[in-house]
Structure formats: C-alpha cells, structure tokens
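Following: one structure in structure tokens, then a few remarks.
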Amino acid sequence: MKLLLSGNEAIARGAWEASCHVAAAYPGTPSTEILENIAFYKEIKAEWAPNEKVAFEAMLGAAIGGARALVAMKHVGLNVAADPLMTSAYVGVNGGLVIISADDPGMHSSQNEQDNRVFAKFAKIPLFEPSDSQEAYEFVKLAFEISEKYDTPVIVRSTTRISHAKGIVDVGERVELPVKEYVKDPQKYTMIPAFARKRHEILEKRLVELKKLSNSIEINRIEPGDTKIGIVTSGISYQYAREVFPDATVLKLGMPFPFPDELFKKFASTVDTIYVVEELEPFLEDHVRILGYSVIGKDKIPITGELNPQIVRKALKGESLEKIPPQKAVKRPPALCPGCPHLGIFFELKKKRINVMGDIGCYTLAVLPPLESIDTTVDMGFSVSSVHGFNLARGEKSAKKSVAVIGDSTFIHSGITGLIDIVYNKGFSTVIILDNHTTAMTGHQPHPATGRTIKGEPTKKIDFVELARAIGVEDIHVVDPHDLKAVRKTLKSALNYPGPSVIITDRPCVLLPDEWKKLQKNPKKVVDPEMCQGDKCGNCFRLGCPAIVWKDGKAFIDPLLCVGCDLCIQTCPFDAIHPEDEYEKGI
Amino acid sequence: MKKGYNVIVSGVGGQGIILASELLALAAMEAGYDVKKSEVHGMSQRGGDVVSHVRFSQKVYSPLIEQGTCDLILAFEKAEALRYLHYLKPENGVVIMNDLEIIPLPVTAGQDTYPQNIEETIKKYANLVVVDAIGKANELGNSRVANTIMLGVASKFFDIPEDIWIKVITNRVPKKTVEINKKAFELGRKIELDF
C-alpha cells in the first residue's frame with residue numbers, strides 16, 4: 001500500500017511495523033509528530049516524558065526489560081539526554097533501542113544548529129541517516145534489527161527536511177514480536193568501574209564488527225555513473241547532490257557511522273575527483289581525509305545553515321538557474337497570537353524595564369518589537385538557573401529588577417532544579433511560571449501539569465503552588481495575566497520580597513479548543529476614533545497584539561483577528577476602547 | 001513520459017496553504033507520479049508567511065524546488081506571490097494569484113512598506129492569473145473555500161484528470177464541506193484564462 005507520509009509519520013509507521021512496544025519523547029520541533037503519530041497505534045505504549053533525559057532513560061529501561069523501544073527528540077534534546085546516551089553504548093540493550101534525533105539545520109525553530117551525527121561518533125553508537133520518507137520508514141525497521149543483533153542502541157538522524165517533507169512510502173503490516181525475557185546481568189547493566197572497564201572493551205570490539213557491517217550493508221551503496229566526479233553524501237544532501245549531478249557516481253551512505261572505509265576506497269578508485277556533499281559539519285569529510293584522500297567539501301559548501309539544490313549548484317558548478325531577480329516582498333515576523341496570555345506580563349515587564357531571563361517557548365517571541373522585553377535565551381531551564389547567577393553577580397539590588405520567565409512545560413522539563421538551587425543557596429530571585437496549561441509552541445501537547453496523557457486519558461496533575469512550597473519557596477503568587485492591575489501589584493510585591501518568589505500566571509493558551517470556544521462568546525473590541533489619541537499615545541500598540549493595527553493615525557482593532565479579551569481596554573488611558581455591543585448602543 | 005511539475009503554494013499562516021498543497025500532492029500521487037512536498041512548521045505561527053513546495057514527476061529527488069525551475073506559483077496573497085517570483089523558470093512561468101492583500105504588523109507600525117505594482121512586476125516575467133477567490137467563494141456562500149477555487153484554476157495546468165481531483169477532495173476535506181469544496185473546485189476549473 002502506498003501512502004503520502006512525512007518523515008515523522010514514516011518513522012512512526014516503521015516503528016509500528018517493527019513491533020515497537022513502547023515509545024517516549026519530549027515535544028520539540030521538528031521531532032514532535034513522531035510520538036504523536038506513534039500514539040495512534042494502540043499496540044504501542046506511548047508517553048510524553050517531562051524531558052528528553054527521562055524519556056531516554058525510560059526507553060533504555062524498557063529495552064533492558066526486553067521490549068523494542070523508541071525515543072524521539074530534537075537535536076538539542078539529545079544534549080539533555082547525553083548522560084544516559086553515552087553509557088547506553090556500554091550496557092547495550094536486550095530488546096532493540098532506537099534513538100531518533102531530529103536536527104534543525106537552518107534553525108527554523110531552534111536555538112542552535114548542532115550536527116548530531118557527531119554524537120554517534122562520540123557515543124560510539126551506529127548511525128542511520130535516511131534521505132526521504134521511504135528510507136525513514138525502512139531505516140527505523142532496520143535499526144531495530146541491528147540494535148538487537150549487535151546489542152547496541154542505534155541513532156536514526158533526521159533533519160527538518162526529512163521530518164517535515166512528505167513523500168510516497170510503500171508500507172507493510174506489523175509483525176508482532178514478544179517482549180524478550182529479562183535475565184539479571186549486573187556485569188552488563190551495572191556500570192561500576194570494574195564492570196564498565198570490561199564493557200568498554202566489548203564496545204570497542206562491537207565497533208569493529210559494526211564497521212564490517214557498514215562496508216557490506218546495502219543501505220551503503222555505490223551508485224555507478226560518470227566517473228569524472230564521485231560524490232560522497234548522506235541524508236537530505238543526497239537528494240540535492242542528485243538534483244545537481246544526476247549522472248555522477250555517488251557513494252550514498254545510509255549508515256555513515258561507523259564509516260565504511262573499504263567501500264569508500266573501492267568507490268574512490270573509480271572516480272577522478274571526489275566531492276563531499278553534506279549539511280553542517282564536515283562529518284563524512286573528516287573520515288575521508290583521515291583515510292588520506294583529498295576532496296572538495298567544506299572549502300566550497302557552507303558549514304552554516306540548511307543546504308538546497310541552488311547552494312550545491314553554486315558551490316560546486318559555479319552556476320545558477322535563477323534568472324528572475326528576487327523581489328522585495330514584505331516582512332512577516334512571527335508574533336504572539338491575538339489575546340495571548342503572555343502579552344500582558346511582557347507589556348508590564350517592559351514598562352518597568354525589568355531584566356528578563358527568558359526561556360524556550362512561544363514567549364521567546366517577546367524579544368521582538370514592540371514587547372522587546374527578553375534579555376537572554378539559551379536552553380530549556382536557563383531562565384531560572386541563570387537569574388540566580390545574574391543576581392549573584394549583581395547583588396540584591398539587581399534581584400529587585402530581574403526575573404526569570406519560563407513556560408509551564410519548560411518549567412517541568414528543566415526549571416524545577418533551578419528553583420531548588422535558588423532556595424537552597426538562599427537566593428532572592430523571582431521566577432515567573434507562564435502557565436498556559438499546555439505545550440503551546442510545538443502544537444499543544446499535554447504535560448504533567450495538564451492532568452492528561454498523550455492518549456487523552458486523565459492522570460495526576462502537578463500543582464505548581466504546592467510544588468514551589470515543597471521546595472521551600474514562601475512567597476508564592478497566582479495571578480491572571482489578563483488583569484494588568486493585579487499583574488503590576490504582584491510584580492511589585494514579589495520583586496521587593498527579601499527571598500525567592502514564584503509568580504504563576506494562570507490563563508490557558510487562546511488556541512486551546514475550549515478556551516477558543518469560550519472567547520468566541522466575548523464581544524470584539526472596537527476603538528472610538530474620536531477618543532483615540534493615536535500617534536500621541538500608542539499605548540495599546542505596545543501590547544504587541546496582532547489584532548491592533550494603525551489606520552489613518554489611529555488605533556484600529558481588526559475584527560477578524562480580535563478574540564474579545566479586554567487587555568487593550570486596560571492599556572488605554574483615554575477610555576477609547578470598548579466592547580462592540582456597548583459601543584453600538586452608545587454606552 | 002509525462003511532464004513533471006514544480007509548484008509553489010504560498011500565503012499567510014491560517015490561509016490553508018498546507019491543505020491545498022496536500023490536495024495537490026495527493027492528486028499527483030493518484031495520477032501515478034512520484035511526489036515530494038515540503039514545508040516548515042514551528043515558529044511561523046499565525047500571521048507569518050507560509051510556503052509549501054510540491055514536486056511531481058517520474059522521479060523526484062529534492063523536496064525543495066530550485067530557484068529558476070518552478071513552473072507555477074499558487075499564491076493566496078499578493079506579496080506572497082512576489083516573494084517567490086525568482087523561483088519561476090524564465091520562460092512560460094505561471095502565477096495564479098488571489099486578489100488579496102494582508103498587511104503585516106511591521107507595515108502598520110511604519111517599519112516596512114507593502115509592495116506596490118505587484119501585478120505589473122509579475123507580468124514582466126510570467127503569465128499572471130488574478131483570481132478574486134474570496135469574492136467567488138462568498139458567492140458560493142463560504143469564504144473558506146477560496147483555496148479550493150484557486151486550486152481549481154491551477155488544476156487546468158496539470159496532466160491530472162478531473163475525476164482524480166474530485167476523489168482526492170472527497171476523501172480529504174471535512175465531510176460536511178465536501179459538496180461546497182467540489183463546487184468551488186469546479187468553479188475554479190471553469191475560469192477562462194486570457195493567455
């Protein structure tokens with residue numbers, strides 16, 4: 001049966017057919033849809049984990065317990081899971097363990113563009129790199145087999161253009177395998193130094209075997225062609241190379257690590273000039289150069305950003321097919337949504353010129369005009385730990401002008417330990433948990449404070465107030481971020497409190513279906529142009545609500561975008577904004 | 001061997017670009033082509049520009065269209081037609097453009113200007129079809145089928161039989177809207193082109 005599937009859907013399908021029993025992930029673009037699609041299959045126990053480390057450890061535990069397990073994450077998620085990753089190579093598996101790393105070259109929705117192929121080499125774990133949806137589907141199935149056969153986790157590395165591109169996949173059916181027997185074996189699974197030393201030797205021997213496999217496995221192949229140019233490539237870069245050099249000889253590597261030295265030498269002996277076409281790091285190129293070959297690679301092809309056929313053509317052929325000059329269009333920067341619960345808090349933080357240690361989520365967009373209130377963003381949880389360090393550096397006075405802002409899901413992911421650090425070390429920082437009741441940025445996944453699982457079942461729900469209290473925070477506030485007066489009062493009180501403070505801004509994301517329905521009942525807001533002071537004021541505009549636009553020098557609320565909240569009313573010093581029903585009646 | 005096509009579907013977030021490109025890709029698959037389609041989701045939320053590349057041919061490698069090789073741009077908004085004009089092949093490229101301007105925040109804030117003379121610029125390089133898709137959709141009684149009207153216009157350029165389009169629309173759009181979408185598609189397909 002042929003289906004049009006995204007790479008992420010294909011990975012889910014492959015896992016299902018390969019009798020994957022359990023899967024876990026933390027949402028992160030471009031990997032999120034892998035687990036969402038796996039959750040549709042009733043045969044697989046699928047779980048959102050609080051973060052990637054927990055997801056990884058849970059799945060390694062499942063694999064040791066004999067199940068076929070899959071864990072999926074975005075590239076930076078593997079940093080969080082790097083600790084269990086490194087030692088998982090030592091202990092190996094029982095049931096197969098497949099790790100999906102979805103990288104984001106070009107940073108469509110990420111804070112960096114690290115190349116996680118390097119992790120495979122670092123951790124000494126075999127690496128598969130599909131180049132389209134069909135291969136994503138096939139390679140996941142193959143990865144489970146290799147994992148069990150060689151007693152090793154396997155990394156399948158996708159990128160945004162694999163995960164989010166769709167292609168035709170010829171699918172099959174699930175072949176049900178039983179969960180394997182578990183036999184207690186501390187020498188294999190308990191990494192005290194004495195046992196770990198032996199396991200390291202086993203790991204090195206395994207790598208030698210995997211290198212033999214890499215030279216013979218059919219997903220590493222020479223595609224014969226014109227012998228003037230030979231191209232070494234893997235992943236999505238294969239498609240771009242083929243687009244530009246349809247007739248060249250190509251060494252297509254579906255399993256680029258361990259690198260197939262012998263296969264490469266055979267390929268190299270048949271071609272005159274070798275090009276290495278790869279995105280980001282010179283991963284293949286370094287291997288080839290170590291073998292003593294001179295090649296054309298990163299000296300021509302950019303090391304930064306995402307590739308495409310045009311870049312490859314310009315770099316290697318010095319030509320371009322583009323004949324029509326690019327035109328100036330118009331900027332459409334991403335923005336927080338109309339009525340977003342984050343608008344009010346950042347509006348107030350900016351007004352008070354507070355230093356804001358930011359985090360990863362929709363609210364990172366508050367760095368852009370007109371809100372422009374965020375000072376820093378590095379990784380998940382950074383806001384909480386770093387505001388403590390910032391205040392350590394700058395003293396108690398700084399604490400009255402500095403806050404951490406972190407989303408509910410991100411706080412569970414990595415913010416809790418930072419808060420413990422503040423309390424334990426007698427800090428005085430203020431942490432604002434922006435609780436919008438969901439993981440909004442990646443498309444509304446439930447998390448442990450929503451009280452729902454990935455399958456929609458009810459479960460225990462974390463109470464942030466109780467959690468903060470248990471950690472030792474004494475100054476805890478809950479505030480509706482759409483009540484600006486209350487927000488101001490709360491901020492003042494928390495910032496001046498001589499100890500750690502937690503503010504929970506409690507309001508659901510406007511795009512959550514229940515909230516959306518509720519908002520539809522609210523009257524839209526309208527601006528009375530006679531009352532509006534326009535350019536002389538501009539206060540409502542500083543909210544950054546996309547529904548508020550400028551028309552003939554006055555504020556105008558686009559009725560198609562307005563969700564009917566009353567944030568803008570609270571910002572207007574001239575009483576020029578009203579609910580449409582009252583305005584029409586002349587109230 | 002049937003001719004292959006490279007198509008860009010562009011517009012503003014929330015306009016239904018992904019569904020339209022999905023329908024095109026599914027129709028091409030049903031018609032026996034190899035198909036790839038690519039777009040990016042994530043940070044570009046509502047209000048950001050959205051583009052989908054759809055390629056169908058005997059064999060498709062790259063999911064991304066190379067600049068200078070696009071056959072047709074299906075734009076749901078005028079500036080979003082202009083943004084991808086340089087992707088068109090230099091000869092006989094086609095732009096099907098919704099007669100709609102969506103003004104973004106930086107323009108209302110006075111930090112950017114909305115492009116002028118879009119139609120004249122496009123006509124310098126390509127064959128242009130301007131469709132009042134929202135007006136026509138309103139005549140059918142639902143402004144949301146504007147996309148399907150646009151897709152109906154575009155469908156005339158491809159070697160895909162009408163019954164395949166109808167089948168794909170029937171299977172893919174929400175059940176309640178199948179009839180109106182079929183009507184919208186046929187309305188688009190009947191629009192006369194003057195080149």
Side-chain angles (χ1 to χ4, degrees), chain A residues 2 4 29-30 32 104 106 108-110 132-133 160-162 164-168 236 238-244 246 308-310 313 320-338 362 364-365 369-370 441-443 511 541 544 546 548-551 556 561, chain B residues 12-13 21-22 25-26 29 33-49 53-54 60-69 79-91 93 102-115 118 121-122 124-126:
Chain A
K2 286 186 173 173
L4 185 70
T29 312
T32 311
D104 189 17
H108 298 284
S109 195
S110 300
D132 59 17
S133 294
T160 303
R161 286 295 165 202
I162 301 295
H164 284 176
K166 288 198 171 187
I168 297 174
I236 191 66
Y238 165 78
Q239 308 293 355
Y240 304 149
R242 266 285 170 235
E243 202 70 38
V244 178
N308 61 40
Q310 160 127 334
R313 189 182 301 277
S320 168
L321 304 181
E322 182 182 307
K323 302 292 177 235
I324 299 171
Q327 308 291 318
K328 190 199 165 288
V330 68
K331 289 191 196 106
R332 295 191 197 274
L336 291 168
C337 300
C362 295
T364 317
L365 291 171
M441 182 77 173
T442 43
L511 297 183
F541 197 70
I548 304 172
V549 297
W550 230 227
K551 214 173 178 178
F556 172 77
L561 292 177
Chain B
V12 176
S21 68
E22 180 93 6
L26 287 169
M29 183 172 91
Y33 288 98
D34 186 19
V35 185
K36 278 184 184 160
K37 135 179 153 95
S38 178
E39 65 257 339
V40 163
H41 12 128
M43 205 140 184
S44 63
Q45 296 168 313
R46 303 191 321 160
D49 47 282
H53 292 210
V54 184
V60 179
Y61 289 109
S62 166
L64 289 174
I65 296 169
E66 187 169 356
Q67 286 94 323
T69 69
E80 297 310 314
L82 206 56
R83 193 187 303 280
Y84 304 101
L85 196 62
H86 61 292
Y87 275 79
L88 275 187
K89 57 187 187 180
E91 311 283 334
I102 299 177
I103 311 293
L105 203 70
V107 171
T108 51
Q111 293 155 349
D112 197 2
T113 52
Y114 193 86
I118 290 177
T121 309
I122 293 174
K124 265 198 272 178
Y125 301 104

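Chain A is the first sequence line, chain B the second, and so forth, proteins listed ahead of strands; every chain is numbered from 1.
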What part of A:I162 is in contact with chain B, defined as an atom under 4.5 angstrom from a non-hydrogen atom: side chain, backbone, both or neither?
neither
Under 4.5 Å from any heavy atom of chain B, what part of A:K551 do you find: side chain, backbone, both or neither?
neither
Would you sort out whether B:D112 and A:K328 count as a side-chain contact (heavy atoms from CB on, under 4.5 Å), showing the intermediate values?
CA-CA 11 Å; B:D112 197 2; A:K328 190 199 165 288; 2.9 Å; yes
Looking only at heavy atoms, which two atoms of [X] and [Y] are closest? And how far apart?
X: A:I168; Y: B:Y33; value: CD1-O, 3.4 Å
X: B:T113; Y: A:V330; value: O-CG2, 3.9 Å
X: A:Q327; Y: B:Y125; value: NE2-CE1, 3.8 Å
X: B:A25; Y: A:L4; value: CB-CD2, 3.6 Å
X: A:P333; Y: B:P106; value: CD-CG, 3.5 Å

Mind checking whether B:P63 and A:D132 have side chains closer than 4.5 Å, heavy atoms only?
no
Do A:K166 and B:M29 have side-chain heavy atoms sitting under 4.5 Å apart?
no
Sort B:V35 into side chain, backbone, both or neither according to what part of it lies under 4.5 angstrom from a heavy atom of chain A.
both
Sort B:I65 into side chain, backbone, both or neither according to what part of it lies under 4.5 angstrom from a heavy atom of chain A.
neither
Pair count under 4.5 Å, heavy atoms only, with chain B: among A:S320, A:A241, A:P309, A:G167, highest is A:P309
Would B:Q111 and A:K331 satisfy side-chain contact (heavy atoms from CB on, under 4.5 Å), going step by step from the backbone distance to the final call?
CA-CA 9 Å; B:Q111 293 155 349; A:K331 289 191 196 106; over 6 Å; no
Is the shortest distance from a Lys or Arg side-chain nitrogen in B:E91 or A:K323 to a carboxylate oxygen in the other one below 4.0 Å?
no
Interface check, chain A: of B:A81, B:P90, B:G110, most non-hydrogen pairs under 4.5 Å belong to B:P90
Most contacts with chain A, counted as non-hydrogen pairs under 4.5 angstrom, among B:Q67, B:E80, B:K89:
B:Q67
Could you state the interatomic distance from CD1 (A:I324) to CG (B:L85), rounded to the nearest 0.5 Å?
5.0 Å
Check ring pair (Phe, Tyr, Trp, His ring centres under 6.0 Å) between A:F541 and all other residues, then give those that pass, not counting sequence neighbours.
A:W550
Those residues at least two apart in sequence (or on a different chain) that pass side chain to side chain contact (heavy atoms under 4.5 Å, CB included) with A:P326 are A:E322, B:H86
Working for side-chain contact (heavy atoms from CB on, under 4.5 Å), residues A:R161 and B:S38
CA-CA 7 Å; A:R161 286 295 165 202; B:S38 178; 2.7 Å; yes
